[in-house]
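One structure is given here, and the rest of the page talks about it.
The analysis underlying the following values was restricted to heavy atoms, covering all of them including side chains, and did not include hydrogens, waters or symmetry mates. Both counts, for ligands and for their atoms, begin at 1 and track the order of listing.
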Amino acid sequence: AKQSGRDATRRFSWELKEALTSKIELIQDLRHAILNQEFHLLYQPIVNKYGKVTKFEALIRWVHPEKGLIPPDRFIQFAEESGQIVEIGHWVIQEAKRALASIREVHGDQVQISVNVSPIQLSKQQGEDGRLLAELLLHNTSSRKIQQHNGLIVEITEHLLMNSDESTRKALLAFREEGIQVALDDFGTGYSSLAYIMNYDIDYLKIDREFVQKLGAETTSETLCEAIISMAHALGVLVVAEGVETQEQADLLLGYGCDYLQGYYFSKPIPLQKVLSYQQGKVLL
Ligand code: C2E
Ligand code: CA
Ligand code: CA
Ligand code: CA
């Protein structure tokens, strides 16, 4: 027994070492990833209640020269720990802005793109007045007064608001001034109340897919989704449900009055070329 215990310890520390080594390797490789153009964005359609695509969520992919495709869940956290998320996040925003410009040329000016912004990116990128990141997100400085919304939405997590300070509030205000909308991502996974969240100026709530996927199987999820949607509406906030995979889920959510749906049932994340070749007028506003 003692022997096998020791084996287990050895195996455990070996696995730990492996994990650590690959983490260090990943962080090192991240340094060259932007320069080597190893990142790209995919765009997942978000449909309104009439089934038309009106928005896309930009989702990052890393194609490592040796390791192949690395999903964001496997490197964003490391990039946050190393601080590299600031540079990566900057690239994501610039890339999404370029994409939005070409998508709008094809599909019209109503289309919006939402980008995920890490809390670390938000705190490291803002100046004293919290403006820096917001300015980076500006679609076009000269059109600021003409367009109320510049077409960009930032997705932040509930967690950010829970640990927020004055600078978070300033950053969110700056977004507003620049015509950038704000979506609260993964809603329901944290512990914040809607009332607390409404101290902030939020345009959209995204119901986490954990709840959406239990729709039709668990009545608690149904009650929860319905309650979130009606409370959000009472507070003037639009609701996006993420991770919709079945017609049943879509129908239930629409029945509750959900404003936007996103998930594999409609489309997986797709490359920009495919977004651009979506038939004009048919799918988009
Ligand atoms: P998220 O923001 O919650 O994004 C939604 C994730 O759910 C995406 O995974 C998307 O591909 C996936 N998804 C969409 N519809 C369905 C569905 O119907 N079923 C299932 N099972 N999954 C669905 P992805 O692209 O792997 O991204 C994972 C997470 O990585 C994101 O979660 C987000 O937190 C983070 N992330 C992605 N891109 C970026 C980025 O550019 N910057 C930052 N900071 N984080 C990012
Ligand atoms: Ca998101
Ligand atoms: Ca989400
Ligand atoms: Ca999520």
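- Here 4 is the count of protein N, O or S atoms positioned under 3.0 Å from the Ca ion (ligand 2), waters not counted.
- Distances shorter than 4.0 angstrom do not occur between any heavy atom of Gly89 and any atom of ligand 1.
- Under a 4.0 Å heavy-atom criterion, Pro71 is not in contact with ligand 1.
- Every atom of ligand 1 with a heavy atom of Pro269 under 4.0 Å away is listed here by number and element: 11 (O).
- Counting heavy atoms under 4.0 Å from ligand 1, residue Lys206 does not touch it at all.
- Two different hydrophobic clusters hold Leu173 and Leu184 under the rule that ILVMFWY side chains link at heavy-atom gaps under 4.5 Å.
- When each atom of ligand 1 is checked for a heavy atom of Ser118 under 4.0 Å away, the hits are 44 (N).
- Ion pairing of Glu25 with Lys67 is present here, as a side-chain N (NZ or NE/NH1/NH2) and a carboxylate O approach within less than 4.0 Å.
- Nearest-heavy-atom check against atom 26 (O) of ligand 1 across Ala79, Pro45, Gly263, Pro72 picks out Pro72.
- In this structure, Arg61 is part of the shell of residues with a heavy atom less than 4.0 angstrom from ligand 1.
- Of the polar atoms of Glu155, none of the N or O atoms is found under 3.5 Å from an N or O of ligand 1, judged by distance alone.
- At a heavy-atom cutoff of 4.0 Å, ligand 1 is contacted by the backbone of Val244 but not by its side chain.
- No donor-acceptor distance shorter than 3.5 angstrom exists from the side chain of Arg61 to the backbone of Pro71, with no hydrogens or angles considered.
- Residue Asp185 has at least one nitrogen or oxygen atom sitting less than 3.5 Å from a nitrogen or oxygen atom of ligand 1, judged on distance alone.
- Atoms of ligand 1 lying under 4.0 Å from any heavy atom of Glu57, numbered from 1 in the order shown and given with element: 2 (O), 4 (O).
- Note on Lys23 versus Glu81: salt bridge recorded, some NZ/NE/NH1/NH2 to OD/OE distance being below 4.0 Å.
- Of the polar atoms of Tyr265, none of the N or O atoms is found under 3.5 Å from an N or O of ligand 1, judged by distance alone.
- A donor atom on one side chain and an acceptor atom on the other are not found under 3.5 Å apart for Glu57 and Ser114.
- Side chain to side chain, Glu248 and Thr246 fail the donor-acceptor criterion of an N or O pair below 3.5 Å.
- Summarising the contacts of atom 21 (N) of ligand 1 with Gln249, Gln121, Glu245, Arg74, the nearest heavy atom is found in Glu245.
- The aromatic rings of Phe39 and Trp62 sit tilted, their planes meeting at an angle between 30° and 60°.
- Side-chain atoms of Leu261 and Phe266, non-hydrogen and from C-beta on, do get closer than 4.5 Å to each other.
- Figure legend: cation-pi geometry between Lys52 and Tyr50 absent, as NZ or CZ is not positioned both under 6.0 Å from the six-membered ring centre and within 45° of its axis.
- Less than 4.0 angstrom separates some heavy atom of Gln44 from each of these atoms of ligand 1: 14 (C), 15 (N).
- Set against the non-hydrogen atoms of Gly243, the atoms of ligand 1 under 4.0 Å away are 16 (C), 17 (C), 18 (O).
- When only modelled atom types and interatomic distance are considered, Lys55 and Tyr43 share no side-chain donor-acceptor pair under 3.5 Å.
- Both the backbone and the side chain of Ile60 come within contact range of ligand 1, each with a heavy atom under 4.0 Å.
- Per-residue contacts place Val92 under 4.0 angstrom from the following atoms of ligand 1 (heavy atoms of the residue considered): 41 (O).
- Note on ligand 1: Gln262 sits outside its first shell, no heavy atom being nearer than 4.0 Å.
- In this structure, the side chain of Asn48 does not engage the main chain of Tyr260 through any donor-acceptor pair within 3.5 Å.
- Atom CZ of Arg74 is surrounded by 12 or fewer heavy atoms from other residues, nucleotides or ligands within 6.0 Å.
- Gln181 and Tyr204 are linked by a side-chain donor-acceptor pair at a separation below 3.5 angstrom, with hydrogens and angles left out of the test.
- Between Ile156 and Leu172 there is a side-chain heavy-atom pair separated by less than 4.5 Å.
- With a 4.0 Å heavy-atom cut-off, ligand 1 is reached by no atom of Lys268.
- Side-chain atoms of His40 never come within 3.5 Å of backbone atoms of Val63 as a donor-acceptor pair (strictly under, hydrogens ignored).
- In summary, the atoms of ligand 1 found under 4.0 Å from a heavy atom of Asp186, numbered by their order in the structure, are 3 (O).
- Heavy-atom contacts of Glu242 reach the following atoms of ligand 1: 3 (O) (cutoff under 4.0 Å).
- Counting non-hydrogen atoms of other residues, nucleotides and ligands closer than 6.0 Å to CD of Gln37 gives a total of 12 or fewer.
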